[in-house]
Amino acid sequence: MAELGVILLAAGQGTRMKSDLPKVLHPLAGKALFSHALETARRLHPKITVAVIGHGAEAVRRACTDAQVRWAIQEQQLGTGHAVLSARGDFKDFAGDVLILSGDVPLIREQTLRALVEHHRARSAAATLLTALLETPKGYGRILRDRGGAITAIVEEKDATEPQRMIQEVNAGVYVARASFLFAALSGVNNDNRQGEYYLPDIVAIGLADGQKIETLQVDDAREMMGINSREELAMMEKSLRQSINQKWMLAGVTLKDPDTTYIEDGVTIGKDTVIGPNTQLCGKTAVGAGCRIDGSAFITDAAIGDDVHLRFSVVLTDCRVERGAIIGPFAHLRPGTHLGANVHIGNFVEAKEARLGDGTKANHLTYLGDVTIGRDTNIGAGTITCNYDGFHKYNTTIGDRVQVGSDTTLVAPLSLGDDVYVATASTVRHDVPAGALVFNQREERVREGWTEEKRRKMKGNKK
Ligand code: UD1
Ligand code: CA
């Protein structure tokens, strides 16, 4: 079997996006546009993968975590043919086939790429390109064929005559070509066209003139070859991608109460029998367990959530871990570094940051837990605040097992409360408390009978 190489074209600016961000870096389903096609191509295990970059080259390179990818810089974007030539150096000792993909065609499927390569090899073609039938072919290069149905050339829309523009078969922008043919044909491409660019599709006519065999393969479902050239197309694709991700999870046994308002990014996983309410966004590398309930209005990024967790209405979770059976919210905010043990309860208006809570611990109301480690079965009363910041540094608080922290307590870090400590309500605790102790603040309580009535009388008198 011949070797396979991949060239991904991602150097263009994407003028039609009207953006400072290079087009291929615009996010789609939570990851950079170019990485969709790149990851799909990588599943064919190519021997060489080269991404051609130019506009925002450094940023594009930084956005890619795949160490196997080589980078070719196209200094000036003189066209797709010129872009492929920029990768030539990486294919010096390469004798196989080169698969060429566009960074702005994200939905292309692995099986389509495999079919294209198979077709190409079975026919011993010099080059094979993917085509599609579109009801509205606007913007794409059109496939020209002779009477016998054989391809003769590709004409770009801007260069096409009116009758040519009526042609509905278009160039999908996905090609496979013998390396030797590809680079030889490309040196014959000129920029004598309306855009003054070196067109990659021109290798078709060049190859045919040279007596080479050029093949085409038509995709069944044209949706997978749709290119993104504008923000409107990006939004439309985001939507269709979102629908197919939602469909995948519903087929896998997840209930989505309102798929139209459920946003699940590509890298997310969800267990069976989890029920997800409206307005939920699951982002990044979030993993939700089985049998969970997400009531709705949840914004969750990079969170690991165990089985049978209940996220009540309106919660924000970022870069945190929640073990099985926990109940969070409504209106709770779990910030990075938070790790909640099994069956922990976090109630309304509770914020946690770098907070580690042991199994069965509860903080049900109006509380800030920052830079704190809490043992198991501890109860944090309403209005408890860990004072972790003095304006210069952050300090840690440690709280043991089975501790009762009374309501309206301020815990001034650095601080440690031993196991089984009782903190009386409305305490300000500044010093470590040993296990089993009670801590309280001495305060005098005074009662003045009849005070309210007297006050009201005085105030009324003032008004007149
Ligand atoms: C291209 C094809 C067209 C096809 C369509 C499919 C050409 C001339 N036309 O048109 O026949 O129907 O794709 O989507 O190839 N790029 C570079 N360097 C450049 C120019 C472009 O890297 O100098 C990259 C872009 O970043 C993009 C890809 O190549 O990822 C395609 O370029 P684009 O300008 O979007 O081509 P289309 O006009 O869509
Ligand atoms: Ca394009």
Side-chain angles (χ1 to χ4, degrees), residues 6-17 19 21-26 28 32-38 41 50-57 59-60 71-88 100-108 127 129-134 136-144 151 153-160 164-165 167-175 177 182 185-186 189-206 216 218-219 222-234 237:
V6 166
I7 297 178
L8 181 87
L9 304 184
Q13 177 183 20
T15 320
R16 288 163 280 182
M17 295 295 278
S19 178
L21 192 68
K23 173 166 78 176
V24 294
L25 279 183
H26 277 260
L28 175 71
L33 185 52
F34 77 94
S35 56
H36 288 264
L38 183 61
V50 183
V52 180
I53 52 177
H55 255 277
V60 176
W71 305 93
I73 305 285
Q74 186 193 20
E75 297 287 354
Q76 267 184 304
Q77 284 72 56
L78 303 179
T80 47
H82 179 259
V84 172
L85 272 179
S86 330
R88 183 183 204 157
I100 303 166
L101 298 143
S102 291
D104 64 348
V105 180
L107 299 191
I108 195 79
L129 52 128
L130 198 65
T131 75
L133 274 185
L134 294 184
T136 25
K138 198 171 177 320
Y140 291 90
R142 310 295 205 279
I143 306 295
L144 307 186
I151 186 167
I154 298 174
V155 61
E156 290 305 302
E157 174 159 293
K158 289 194 172 120
D159 304 300
Q164 284 172 337
R165 287 187 191 192
I167 296 171
Q168 289 180 309
E169 192 187 13
V170 302
N171 170 22
V174 178
Y175 322 74
L182 175 68
L186 278 174
V189 172
N190 64 37
N191 64 351
D192 188 9
N193 53 54
R194 289 289 296 272
Q195 304 192 83
E197 288 185 2
Y198 295 87
Y199 292 163
L200 171 59
D202 283 358
I203 62 168
V204 170
I206 289 175
T216 62
Q218 205 176 87
V219 279
R223 277 177 300 188
E224 68 171 290
M225 51 65 65
M226 302 303 284
I228 305 259
N229 295 305
S230 67
R231 305 229 189 195
E232 199 182 1
E233 285 166 356
L234 182 68
M237 187 159 299

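We use all heavy atoms of the structure for the numbers below, so side chains are in, but hydrogens, waters and symmetry mates are not. Here, residue 1 is the first one in the sequence, and each next residue gets the next number. Each ligand, and each atom within it, is numbered from 1 in the order the structure gives.
Each of the atoms 6 (C), 14 (O) of ligand 1 lies under 4.0 Å from some heavy atom of A172.
Residue V170 places no heavy atom under 4.0 Å from ligand 1.
Ring pair H82/Y198 is tilted by interplanar angle, where 30° to 60° counts as tilted.
Y199 pairs in a side chain to side chain donor-acceptor pair (under 3.5 Å) with only one of the listed residues (N191, D159, T80), which is D159.
In the candidate list K23, K158, Q74, Q77, Q74 is nearest to atom 17 (C) of ligand 1, counting heavy atoms. The option with the heavy atom closest to atom 6 (C) of ligand 1, from among N171, V105, N229, is N171. One option in D104, L134, V60, V84 has a heavy atom closer to atom 27 (C) of ligand 1 than any other, and that option is D104.
With respect to atom 34 (O) of ligand 1, the closest heavy atom belonging to the protein is R16 NH2, 4.1 Å. Nearest protein heavy-atom contact of atom 28 (C) of ligand 1 is S102 OG, 3.7 Å. Looking only at heavy atoms of the protein, atom 21 (C) of ligand 1 is closest to T80 CG2, 3.7 Å. Scanning the protein heavy atoms around atom 26 (O) of ligand 1, the nearest turns out to be G12 N, 2.9 Å. Summary of contacts: the protein heavy atom closest to atom 1 (C) of ligand 1 is E156 OE1, 4.6 Å.
Residue G79 places at least one N or O, backbone or side chain, under 3.5 Å from an N or O of ligand 1. Below 3.5 Å of separation, one finds an N or O of L9 facing an N or O of ligand 1. Checked by distance only, ligand 1 and A83 stay at 3.5 Å or farther apart across all their nitrogen or oxygen atoms.
Protein atoms that are N, O or S and lie under 3.0 Å from the Ca ion (ligand 2) are these: D104 OD2, N229 OD1.
The side-chain contact (heavy atoms from CB on, under 4.5 Å) search around L234 returns M17, H26, L28, I228, not counting sequence neighbours.
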